[in-house]
Structures are given as C-alpha cells and as structure tokens.
Amino acid sequence: MKIADIEIKNGICLAPLAGVSDRTFRAMARRFGAEYTVSEMVSAKALCYEQLCKRPVTAERTKTAPLAAVRREELPMAVQLFGAEPEFVARAATLLESNEYRGTLSEVPPSVIDINMGCPMAKIVGNGEGSALMKDPVLAASVVRETVKAVKIPVTVKIRAGWDRDSINAPELAKRLADAGASMICVHGRTREQMYTGKADWSIIRAVKQAVEIPVVGNGDIFCADDARRMYEETGCDGIMVARGAQGNPWIFAELQAAAEGREYTPPTAEERFAVALEHAHGLVEDKGERVGIAECRKHLSWYLHGMRGAAAARNAIMQASSMQEIEQIVKDLRDGAHFL
Ligand SMILES: Cc1cc2nc3c(=O)[nH]c(=O)nc-3n(C[C@H](O)[C@H](O)[C@H](O)COP(=O)(O)O)c2cc1C
C-alpha cells in the first residue's frame, strides 16, 4: 500500500487508541512488525489555543503537545487531529508540519495528518467532532479540503460505517473526502450508534473500496492472522489497522507479518510475555514519570497477563502497587508460580 509517496509494504498498521497508543505502545507495535502507526487523537483547537496562551507553554504544562510528539525512528506515522472547524484543523496541521509550535516535543514532523471522523464519545460528538462529522458531509469535506490546502504532507481520514443503521453513508462520504484531497481512508465497519458493540460490518469497507481510487484501510475485529486474511479477501482493502487486538499483544504484528510473507509464526513464550510486559511498564515510567507511568501501566499489564494462571490476583495486587519495584515483584511472583492466595 502507498499513502501518497509513503510505501507501507504489507499494509500492516496500528490504529489510533486514545489513552493507549502513546509512544511506548507504538514503539512496541513497531518492534514486532507494525509498519505504520497513528498517534492518540489530538484536539486541533487545543493545539491552536496553546499558541495563544500568555504563559509559557512548557512540557510540564501542556497536555496536548506530548500526544502529538513524534520521534524520528517512529516514521512513517500519522498524528491524528480531531476538530469540526476547518480553519482550526488546517491551522493545527500547519503547526504539526512546521514542528515550530510552542511546547512541541517532536523530533520531526509526522509523515501524515489523519483526521478523526469516527470517535463516538458523547463529549466529542456533542461538539460536532469525530463521528458527528459523518452527519455533515459538506462540512467533513471542507475540513479535509482546507487541511490539504494548508500542508504538503498527505492528509488521511478515519471514518465509521455511518452515524446509525439508517444513515450508513461511508461510501458516499469517502468519495467526497477523496475528491477533497484525502490520500487514504480508513474505515471502521461499525456505526456510531454501535460504539464498540456488535460486529464490524466489513461489507461497508468493500463498498468504500469500490467507491474510491485512493487506498482504503480496513479496520474492525482483526484479532489474528486469519481475521486479517479474511479482511483482505472479503473487502479488497489495501491495508489493515489493528486496535484492540494489539492491547497487551504487540506480537499480533509479528503474526500478521509472518502470514503476509508466508512464514511460520511462533507465539511468544510466557517468559517473553513477562519480559515485554515489564519493559512496557518501564517505558511508561521513563516517559511519563513514576506517578503517571504506574497509573497507566496497570491496564497494559492486565492486558499482557490476561489468561495466565494467577493473573486475576496479580491484577488486583498491581492495582494497589505504587512503585515499579512492587510491580516487578508481583510480575516475578506470577512468573514463579506464586498465585497470591
Ligand atoms: C480505547 C480506545 C480508544 C480509541 N481511540 C481512538 C482514537 O483516538 N482515534 C480513532 O480514530 N479511533 C479510536 N479508537 C477506535 C479504534 O482505532 C478502532 O477503530 C476500533 O477499536 C475498531 O478496531 P478494533 O476492532 O481493531 O479494535 C479507539 C478505540 C478504543 C477501544
């Protein structure tokens, strides 16, 4: 797959996950085979307003800049913006492209700007942002057109099937967005109404693929290589994005790469799972400091340890832990077969 000039050989991508796909998570996904990653969603308005702030914008004060931070070794990657006002999204995109905004923590600009038209959360759609844009195709196209005009790097869009089952419009909307200059469309085959329940309807992804010339990435319910194979076969998509399937399981990308290249896949040993889980926790603490890092590593560790003997008790102990030392001991005890009885 190619997004403008950016080659993504096997089309294997990590989807954006607010509160999850920070740079530690993206680095893990990358290490095991994700060829392209997307940041957590970033408010276009917040990024713009920080530039007007009278007080200095420092790394400690800003909540927005760390979400948009890109390291050189992460490329190719996208920073995802959300917003419903074309001028704010376009302005935020120019800030990201120039990498000269106040508070930036980026070593380099992102390769791509992605625009969120899929978020179902009430506080986002209440502002007309995220999946609410699917209800206003003219405005949605204008957000894309103004952003494409404002930057040289490619602009892509992530959409859902539609707002609800009576207003499935992904194929028509995708066509408008492609005409407005989008370089790729990712389709999550659920409606806003479904949130994350039920099954993703992959026939919508196929309909989008048939409606546009630009690359289409299929998303929704890929949890193993067989799902990915079916996604390609049933939809004709150019690439795939995995979100929940990567939580506590960066090896899914190794599995997908092995399948794409016709190689045998060997799942990680328990030992490797423990080691990578702890490495992930350490990465979070290093990046965000002990207090935030420990709070955030709890959910990741419970994903990594899911299904292991004694994991439920270990998870409870991790919830109470307040230092990395305690967390290491809990994981070590679990590994050594102590089940916290
Ligand atoms: C916790 C969580 C956070 C998410 N955050 C974002 C986001 O910031 N931007 C976005 O476009 N989609 C977001 N999504 C949607 C996912 O990218 C993806 O479309 C959805 O989970 C379906 O894919 P999956 O079946 O592989 O999980 C999020 C999903 C979850 C579960």
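None of these values were measured; they are calculated from a predicted model. We count ligands from 1, going down the list as the structure has it; atoms in each ligand are counted the same way. In this chain, numbering begins with 1 at the start of the sequence shown.
Among all protein heavy atoms, the one lying closest to atom 26 (O) of ligand 1 is Ala243 N, 2.9 Å. Annotation: atom 28 (C) of ligand 1 to nearest protein heavy atom, Tyr196 OH, 3.3 Å. Looking only at protein heavy atoms, the nearest one to atom 17 (O) of ligand 1 is Pro16 O, 2.7 Å. For atom 2 (C) of ligand 1, the closest non-hydrogen atom of the protein is Leu17 CD2, 3.5 Å. Looking at atom 5 (N) of ligand 1, its nearest protein heavy atom turns out to be Ala18 N, 2.7 Å. Counting protein heavy atoms only, atom 12 (N) of ligand 1 is closest to Lys158 NZ, 3.0 Å.
Remark: of the listed residues Leu133, Val157, Val143, Val157 is the sole one forming a side chain to side chain contact (heavy atoms under 4.5 Å, CB included) with Leu177. A side chain to side chain contact (heavy atoms under 4.5 Å, CB included) with Arg190 is found for one member of Asp221, Ile204, Asn219 and no other, namely Asp221.
Contact annotation for Phe82 and ligand 1: no heavy atom of the residue comes within less than 4.0 Å of the ligand. Contacts between Asn116 and ligand 1, counted as non-hydrogen atom pairs separated by less than 4.0 Å, involve the side chain only. Heavy atoms of Asn219 found under 4.0 angstrom from ligand 1 belong exclusively to the side chain.
Side-chain N/O atoms of Glu50 and Thr64 include a donor and acceptor closer than 3.5 Å. In this model, no donor atom of one side chain and acceptor atom of the other lie less than 3.5 Å apart for Thr104 and Glu100. Side-chain atoms of Ser203 and Asp201 form a donor-acceptor pair, as typed in the model, at a separation below 3.5 Å. Of the N and O atoms on the side chains of Gln247 and His300, not one donor lies less than 3.5 Å from an acceptor on the other residue.
Counting non-hydrogen atoms of neighbouring residues, nucleotides and ligands closer than 6.0 angstrom, the CD atom of Glu213 reaches no more than 12 such neighbours.
Annotation for ligand 1: atoms under 4.0 Å from non-hydrogen atoms of Arg244 are 21 (O), 24 (P), 25 (O), 26 (O), 27 (O), 31 (C). Interface atoms of ligand 1 facing Asp221, defined by a heavy-atom separation under 4.0 Å, are 24 (P), 25 (O). Atoms of ligand 1 lying under 4.0 Å from any heavy atom of Ala15, numbered from 1 in the order shown and given with element: 17 (O).
When the heavy-atom distances from atom 11 (O) of ligand 1 to Gln247, Met117, Gln80, His188 are ranked, the shortest goes to Gln80.
The distance between the ring centers of Phe82 and Phe88 does not fall below 6.0 angstrom.
Glu255 places a side-chain N or O within donor-acceptor distance of the main-chain N or O of Ala225, the cut-off being under 3.5 Å.
Residue Gly220 places a heavy atom less than 4.0 Å from ligand 1.
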